[in-house]
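In what follows, a structure is listed as structure tokens, so that the remarks can point back to it.
Values below: every heavy atom of this structure, side chains too, minus hydrogens, waters and symmetry copies.
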Amino acid sequence: MRKYWITISLVIIILTSFLLMFFSARQDSLTVDEKVHISAGFLHVWQGDYTFNSEHPPLLNDLAGLFAKIARPNLPERPLNTFDATEQWDFGDLFFYESGNNVEAIIFWARLPFILLTLGLIYLCFLFGKAVFGKKAGLLAAALAGFSPNILAHGRLATTDIGVAFFFLLTVWLLRKYFLKPSWINALILGIGIGFTILSKFSGLLILPVVLGGSIIFWVKAVTLRKPLFLKYFNQFLFVIFTATILIWSVYLFSMRAQVDGALIRAPIDKFLQGWQILADHNQAGHWNYLNGVVNYQGWWYYFLAVLWYKLTLPVLILLGLAIFFSRYKKDFLGEYLLIFPGLLFLGVSLTSHIDIGIRHILSVLPFIFIFISGLANVKNLILKPIIWLLVAGHILVGILAFPNYLAYFNQIAGGSQNGLKHLSDSNLDWNQNVKRFAEYAKENNINHIYELCWDQGSFEYYGIRNDILPNSPVNGVVVICAQQLVITPEGFDFSWVTKYPLMTSLAILFMFGVLTKND
């Protein structure tokens, strides 16, 4: 039995993570971006229509749409050719709430493959940690990933963030395998990995400088051996890029096959460039951002550092400090490069972003943090060793106790979830995931009608809560304001009259992260 304790422990980690994600996802209502990702992906796969969500590559939307078909959803009665790209949210509302569909079934099946991707990410952390630092380190890395509230939060949603984190890490792992055993088959597999990473999200393009930088280091070593070897490796590099390009083009073509109109070669390329331009324009224009009680439209260069400070568990922050302090160069420059550079690059580029709306945008950084920390498994100091494993146990406990409100997790530095709104908003806290919980609360407390200022009016209706948009003057009734709208008030709304009423803390923390009061 002792011989298999690593394997048994890993199975327990993966199984527990699955159960935490599966059952917490069942309690979460449709989140904001899922409405568009799932409905757009359904059109990609089953209609060949790429009208919506061009700002994201198609792969993960297609995955959500593929599995959503199991719920047998109906398309809206309104013809598809009467929509334009700016109406993706309207189409999402019609698809989920006005076409006679079972919303619960759609989101269950659409989320399932992302939970499986997350389990794959946990296993990759194990493999990477094991390869670099040994079996115990692999187990430590898997535990940190498997019980991370942030991984658990976004790993059970049908959005793009956990998918790009998985494929980004997978491709770095495949790059490592190629460097250890360069061959045409490993080059092919690496090219596929790169293609899937870029097809997951445009931030996946950051895998290209990682691959290029690593290849240059590899080529330099090859040149010192003999020139023909370098030429062989360079040709394999070109094959890698060719493979990735063909894969990207093919998936785009599949997702828009009904809209090609004869431009077989050019149409997928134009769609890719259009999506990139939409994202670039969005980033240049900015986005409503919130940090530590301040709202602006251009964000802060240190936003994601603050997010890590507030959202990583306290044990992980301590372990990271210890790992940095005890890190030593191992005379393996390429190995160190693959361990450290990808995560630092992803984080560094993200710091330049003007779209500062959540830790999900740097989710790809977290696995590299966990793998880097896993080197502490080899610490021999008799005092430090038990402290390290106690911190790991503390992290696991935090991950379990945070169930089921993973999106709203904040560490003790931030003051816990109940004080999260003092620091961050949007998908860090309230992403419309609590409407289903609120519906249960409303039923228990005989609340049949509300005045709301939230993300999604249709979700209240779906769960049986009659509602009206919150007016700017006092009304008699129950008022619900969600966290995002509480800190970033939509234009034209004034709810200052509500603030004189007391906040119902228990509901605010566990359900809506907002204000509920009665004006009697």
His395 side-chain N/O to Val316 backbone N/O, donor-acceptor pair under 3.5 Å: no
Modelled atom types, side-chain donor and acceptor of Asp62 and Ser255, under 3.5 Å: yes
Parallel, tilted or perpendicular, as decided by the 30° and 60° cut-offs, for the rings of His361 and Phe304: tilted
Flag, side chain of Asn411 to backbone of Trp309, donor-acceptor distance under 3.5 Å: yes
Where Leu319 and Leu376 come nearest, the two heavy atoms and their spacing: O-CD1, 3.4 Å
Check against ring-ring contact (aromatic ring centres under 6.0 Å, His included), Phe237 and Trp219: CA-CA 10 Å; Phe237 172 80; Trp219 296 337; 5.1 Å; yes
Any side-chain donor near an acceptor of the partner, His37 and Thr159, under 3.5 Å: no
Any Arg360 side-chain heavy atom under 4.5 Å of Trp431 side chain: yes
Check: Glu34 side chain, Thr31 main-chain N or O, donor-acceptor pair, under 3.5 Å: yes
Distance (rounded to the nearest 0.5 Å) between Ile70 CD1 and Leu112 CG: 7.5 Å
side-chain contact (heavy atoms from CB on, under 4.5 Å) partners for Val365, two or more places apart: Phe346, Leu347, Ile362, Ile369
His354 versus Asn283, side-chain donor and acceptor atoms under 3.5 Å: no
Verdict with reasoning, Phe67 to Phe42, per ring-ring contact (aromatic ring centres under 6.0 Å, His included): CA-CA 9 Å; Phe67 275 72; Phe42 188 84; over 10 Å; no
Polar contact flag, side-chain donor to acceptor under 3.5 angstrom, Gln27-Ser24: no
Under 3.5 Å donor-acceptor, Tyr337 side chain and Gly214 backbone: yes
Leu345 vs Pro209 side-chain heavy atoms within contact, under 4.5 Å: yes
Whether over 12 other heavy atoms sit under 6.0 Å from Trp184 CH2: yes
Closest contact, heavy atoms only, Leu152 versus Gly146: CD2-O, 3.4 Å
Worked verdict on Tyr310 versus Asn292 for side chain to side chain donor-acceptor pair (under 3.5 Å): CA-CA 11 Å; Tyr310 292 138; Asn292 292 332; 2.9 Å; yes
Heavy-atom side-chain proximity of Ser54 to Ile278 below 4.5 angstrom: yes
side-chain contact (heavy atoms from CB on, under 4.5 Å) between Leu10 and Tyr123, worked out: CA-CA 8 Å; Leu10 179 62; Tyr123 184 64; 3.9 Å; yes
Test side-chain contact (heavy atoms from CB on, under 4.5 Å) applied to Leu407 and Leu157, step by step: CA-CA 10 Å; Leu407 273 176; Leu157 301 179; 4.2 Å; yes
Expected output: side-chain Ser17 to main-chain Ile13 donor-acceptor under 3.5 Å: yes
Parallel, tilted or perpendicular, as decided by the 30° and 60° cut-offs, for the rings of Tyr50 and His44: tilted
Inter- and intrachain pairs under salt bridge (Lys or Arg N to Asp or Glu O under 4.0 Å), touching residues 113-139, at least two apart: none
Residue pair Asp28, Arg111: steps toward the salt bridge (charged side-chain N to carboxylate O under 4.0 Å, His left out) verdict: CA-CA 11 Å; Asp28 277 8; Arg111 287 172 175 174; 5.6 Å; no
Close side-chain approach of Thr243 to Leu190, heavy-atom, < 4.5 Å: no
Pair Asn419, Lys422: side-chain N/O donor-acceptor within cut-off below 3.5 Å: yes
Heavy-atom side-chain contact between Leu291 and Val307 under 4.5 Å: no
Leu180 CG to Phe218 CZ distance, which is reported to the nearest 0.5 Å: 8.5 Å
Side-chain donor/acceptor of Ser327 to backbone N/O of Ile324, under 3.5 Å: yes
Heavy-atom closest pair, residues Asn150 and Lys311: ND2-O, 3.0 Å
Note, Ile217 side chain near Phe179 side chain (heavy atom, < 4.5 Å): no
N/O donor-acceptor pairs under 3.5 Å from side chains in residues 191-204, not counting sequence neighbours:
| unit_1 | atom_1 | unit_2 | atom_2 | d |
| --- | --- | --- | --- | --- |
| Thr197 | OG1 | Phe167 | O | 2.9 |
| Thr197 | OG1 | Thr171 | OG1 | 2.8 |
| Thr197 | OG1 | Gly193 | O | 2.8 |
| Ser200 | OG | Phe196 | O | 2.7 |
| Lys201 | NZ | Thr160 | OG1 | 3.4 |
| Lys201 | NZ | Asp161 | OD1 | 2.5 |

Asn289 side chain reached by Ile488 side chain, heavy atoms, under 4.5 Å: no
Residue list, ring-ring contact (aromatic ring centres under 6.0 Å, His included) with Trp173, at least two apart or on another chain: Phe128
Sequence neighbours excluded - salt bridge (Lys or Arg N to Asp or Glu O under 4.0 Å) pairs with any residue from residues 283-295: none
Flag if over 12 foreign heavy atoms under 6.0 Å of CZ, Phe242: no
Polar side-chain atom of Asn296 near backbone of Tyr290 as donor-acceptor pair, under 3.5 Å: no
Donor on one side chain, acceptor on other, His282 and His287, under 3.5 Å: yes
Crowding at CG, Leu401 (>12 non-hydrogen neighbours, <6.0 Å): yes
Full working for side-chain contact (heavy atoms from CB on, under 4.5 Å) between Val294 and Trp300: CA-CA 11 Å; Val294 179; Trp300 301 263; 3.9 Å; yes
Ser29 side-chain N/O to Asn432 backbone N/O, donor-acceptor pair under 3.5 Å: yes
CA sep, side-chain torsions, deciding dist, call: Gln484, Trp455, side-chain contact (heavy atoms from CB on, under 4.5 Å): CA-CA 8 Å; Gln484 177 71 3; Trp455 290 102; 3.4 Å; yes
CZ/Phe325: more than 12 non-hydrogen atoms of other groups inside 6.0 Å: no
Under 3.5 Å side-chain donor-acceptor pair for Glu55 and Gln277: no
Residues in salt bridge (Lys or Arg N to Asp or Glu O under 4.0 Å) contact with Asp426, at least two apart in sequence or another chain: none
Test item: Asn235 side-chain N/O and Leu231 main-chain N/O as donor-acceptor pair under 3.5 Å: yes
Leu382, CG: over 12 other non-hydrogen atoms inside 6.0 angstrom: no
Flag side-chain contact, heavy atom, 4.5 Å: Phe410 against Pro149: no
N/O donor-acceptor pair under 3.5 Å between Asn53 side chain and Gln88 backbone: no
CD1-CG distance between Ile207 and Leu175, expressed to the nearest 0.5 angstrom: 7.0 Å
